[in-house]
Colleague: 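Below are the C-alpha cells for one structure; questions will follow.
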Protein chains: 2
Amino acid sequence: MTNIRDIAAEAGVSVATASRALTGKGRVSAATVERVRAIAQRHRFQPNEIARSLSSGRSHSLGLLVPDITNPFFPELMAGAESAAKARGQTILLTAALGADSAREDLSVLRARGVDGFIVVGNPFDSAEQLREAAGSRPLVVVDRSESVTDLSTVVTDHVEGAALAVRHLIELGHTRIAHISGPPGLDVTDLRVAGYERELRAAGLEPRVVDGDFTVESGAAAVRALLDGPAAPSAITTANDLAAIGAMNAVLARGGSVPGDLSIVGYDDIVLAALVHPGLTTVAQDIGELGARAVEELERQLTGDTDVRTVSLSTSLVERGTTGRAS
Amino acid sequence: MTNIRDIAAEAGVSVATASRALTGKGRVSAATVERVRAIAQRHRFQPNEIARSLSSGRSHSLGLLVPDITNPFFPELMAGAESAAKARGQTILLTAALGADSAREDLSVLRARGVDGFIVVGNPFDSAEQLREAAGSRPLVVVDRSESVTDLSTVVTDHVEGAALAVRHLIELGHTRIAHISGPPGLDVTDLRVAGYERELRAAGLEPRVVDGDFTVESGAAAVRALLDGPAAPSAITTANDLAAIGAMNAVLARGGSVPGDLSIVGYDDIVLAALVHPGLTTVAQDIGELGARAVEELERQLTGDTDVRTVSLSTSLVERGTTGRAS
DNA sequence: CTGTTAGCGCATTCAA
DNA sequence: TTGAATGCGCTAACAG
C-alpha cells in the first residue's frame with residue numbers, strides 16, 4: 001500500500017504539507033495542491049482511514065442499530081441510510097439487536113470502533129436516559145420514537161395523522177364498523193396510531209374498537225379471526241403495520257372470505273411487500289428510505305456542531321390498492 | 001474515555017504488560033493478569049479498536065458487499081452474516097452497490113477502512129480477476145457465484161439440484177407442460193437453474209421451454225402473460241426466484257385465473273415473503289441466512305491463515321405450500 | 001505557505 | 001515475567 005509518505009516524497013514536500021494538500025484543510029499553495037493531488041491520483045492513493053481516525057478523532061462512520069433485520073421495514077430504512085451516508089462520505093456500521101442487553105453491548109462495540117454517532121431505530125431500552133448512556137455521550141438520532149425521547153433528536157412520521165388518514169378513507173367508502181389491530185400496547189408508535197384511529201372515528205360519531213397485536217403476520221391473523229368470529233364483526237380494519245395487515249388478509253382468504261368483499265383492510269408503512277401481495281394492499285405510506293436518509297442528515301448536522309435537539313417529522317399519504325372497497 | 005494507560009497506571013505495571021494481560025498474548029504472570037483485568041472491568045475499559053487496528057494491522061471487521069438491499073433476499077443473507085460475525089467478534093461494514101463502477105469504489109472505501117476481508121454477494125464485475133483486483137489482495141469469499149470464480153472461495157447452493165427438485169415435484173403432480181422463467185441469461189445462477197430444469201425435464205421425456213426473466217416481480221408477470229397467451233400454454237412453471245414467481249402468480253390472479261387451478265407455480269429461494277403471499281408459495285428453499293453465516297466462517301478461516309480455496313455447497317429442499325396442485 | 005515536532009492508543013519488538 | 005522503546009499512518013499544533 002502506498003502511503004502519504006510516499007506521496008510526499010515524490011512531490012518533494014513534507015508529509016504535513018501533503019496531508020494539507022489532500023484534505024484541503026490549512027493553507028497550501030495552489031501549485032503544490034495540484035502537484036500532490038496529481039501524484040496521489042496517479043498512485044490511486046487512498047488515505048488509511050484507520051490512521052486518519054486515530055489522529056483526528058473522527059472516523060466518518062455511523063453506527064446503525066436496528067431491532068430486527070428480518071422485518072422488511074428495517075432493510076428499507078437501512079438502504080436509505082446507507083446511500084445517504086455514502087453520499088456524505090460516511091460508512092455505516094450495522095448491528096442488529098433485539099433486547100436491551102445485546103443493544104447495550106452492540107453500542108459499546110461500535111463505540112470502541114469509533115463511530116462518530118449513532119442512529120437507533122426504536123428504543124431498545126426502557127428510557128431515553130439508558131439509551132443516551134449506552135451511546136456514551138456520542139451524538140444520537142432516534143428514528144421512529146417520539147414521545148419517550150423528547151430530549152433527543154428524532155426522525156418520525158406523523159402517526160396520528162397517518163392513522164386518521166386510513167380511517168377517513170374507510171369512512172368515505174361508507175364503512176361504519178371499523179376496527180383497529182394495534183401494535184404492542186405501550187409503544188409510542190402503537191399509542192399514536194391508536195390515538196389517530198380513535199380521534200377520527202369519534203369525529204365521525206363511530207365507536208372505536210381496538211384489538212392488540214404485535215406487528216407480526218401471525219398477530220394480524222389471530223386478531224382478525226377473533227374479530228370476525230365475535231359479535232358485530234367489522235366491515236373494515238386498519239392495522240398498525242403492513243405485516244399485520246397481510247396476516248389479516250391471509251386469514252380472511254384462508255377461511256374462504258374475500259378481500260375487500262368481506263373485509264376492507266388498510267395497512268401501514270407501505271413496505272415493498274405491500275405492492276406484491278394480491279390484491280395489493282391499500283396502506284398508509286411513509287417514505288421508509290427517507291426516514292433513514294433524514295436520520296443520517298440529522299446526525300451529520302449534530303456532528304458539525306449544531307447541538308439543537310430537533311424533531312424531523314415526515315408526512316404520510318394513503319396509497320390505494322386493492323384491499324379496500326365500498327361498504328355493502 | 002479511560003485508556004490502557006490509565007489501567008496500567010492503576011495496576012502499577014507498564015502499558016505493555018497491561019496490553020499483554022488484556023489480550024492474552026505474551027507471557028504474563030497469572031497474578032498480574034487477574035489484577036489488570038479486574039481493574040479494566042471495573043472501569044468498563046474498552047480498548048480503542050481504531051488504535052488496535054492501526055497497530056496490529058487487523059481490524060476485526062469484514063466488508064460485506066451486496067448488489068441490492070431492497071431485494072428481500074439480501075437482507076436475509078445480511079442478517080445471517082451479521083450474527084455470525086458478531087458471534088466471532090467481528091463487525092460488518094455494509095455497502096450496497098449495483099454496478100461495477102460503484103462496487104469498485106465501495107470496495108476501495110472499505111479497504112481504506114481496513115476491513116480484514118470481503119464477502120461479496122454475486123460478482124458485480126465481468127470476471128473474477130477484476131473482483132480480486134478490486135479487493136486488493138485481501139481475503140475474499142464470494143457468495144452465490146460458482147462457475148465464474150473457480151479460483152476463489154465460494155459459498156453456494158446446488159442450483160442444478162434445486163431446480164431439478166422443483167421439476168420433479170411438478171412431474172409427480174402429473175404436469176407435462178412445464179415452463180421455466182429464468183434469470184438474466186449468462187449469469188451462473190440462471191444457467192445452472194436452467195440446466196437443472198432441462199435435465200430433469202428431459203429425463204422424463206418432456207420438452208423444456210424457457211422464457212427469460214431478470215429476477216424481478218415484473219419480469220415474472222410479463223413472462224407468464226407471454227406464456228399463457230401463446231400456443232400450448234403450460235400447466236405449471238418453475239421460476240428462477242421467488243420474486244418472479246410472485247409476479248407470475250399475481251399476473252394469473254389479475255386476469256381472473258386461479259393458482260394453482262390454472263397454473264402451478266414453484267419459486268426459488270424461500271424468502272420470508274414466500275410464506276406471506278396467499279396462497280403460500282411452493283418453493284425451493286435454500287437457507288439464506290446460513291449462506292451469509294458460512295461465508296463469514298469461510299472468510300474467518302482464510303484470515304487465520306488457511307489459504308485453501310474452498311467451495312462450500314449448501315443443500316436445498318422443496319417447501320410445499322399452496323401454489324402447486326395436481327394437473328387436471 | 002511550509003517544515004518540524006508531537007501525539008492519537010495500542011501492539012510489539014528488544015532488552016533486561 | 002516485565003519495562004522501555006518503536007512504530008502503525010495520519011493530523012494538528014507550533015514555528016519559521
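Just so we're on the same page: letters track the sequence lines, and every chain starts at 1. In this text the structure is predicted, and so the values were computed from the model without any measurement.
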Colleague: Strictly under 4.0 angstrom, non-hydrogen atoms only: write out the protein contact profile of nucleotides 8-16 of chain D, one letter per nucleotide from the 5' end, B, S or -.
Modeller: BBBBBB---
Colleague: Between A/Glu10 and A/Arg42, does at least one N-O distance fall below 4.0 Å, as a salt bridge requires?
Modeller: yes
Colleague: Quick one: are A/His159 and A/Asp144 in side-chain contact, heavy atoms under 4.5 Å?
Modeller: yes
Colleague: Side chains of A/Val33 and A/Arg37, heavy atoms from C-beta outward: is any pair under 4.5 Å?
Modeller: yes
Colleague: Under the criterion salt bridge (charged side-chain N to carboxylate O under 4.0 Å, His left out), I'd like the reasoning laid out for B/Asp308 against B/Arg301: C-alpha separation, chi angles, the key distance, then a yes or no.
Modeller: CA-CA 9 Å; B/Asp308 293 5; B/Arg301 189 176 58 69; 5.2 Å; no
Colleague: Is any side-chain heavy atom of A/Leu152 closer than 4.5 Å to a side-chain heavy atom of A/Val141?
Modeller: no
Colleague: Base, sugar-phosphate alone, or nothing: which one does A/Thr32 contact when heavy atoms must sit under 4.0 Å apart?
Modeller: sugar-phosphate
Colleague: Given A/Gln46 and B/Ser108, is the side-chain hydrogen bond (donor to acceptor under 3.5 Å, both in side chains) satisfied, shown in steps?
Modeller: CA-CA 8 Å; A/Gln46 280 268 111; B/Ser108 171; 3.0 Å; yes
Colleague: Do A/Ile4 and A/Ser19 come close enough that some side-chain heavy atom pair is under 4.5 Å?
Modeller: yes
Colleague: Before accepting this row, confirm whether a basic side-chain N of the pair B/Glu105/A/Lys86 lies closer than 4.0 Å to the acidic partner's carboxylate O.
Modeller: no
Colleague: Which is the 5'-most and which the 3'-most nucleotide of DNA chain C that has an atom under 4.0 Å from a heavy atom of chain B?
Modeller: C/dG9 to C/dT13
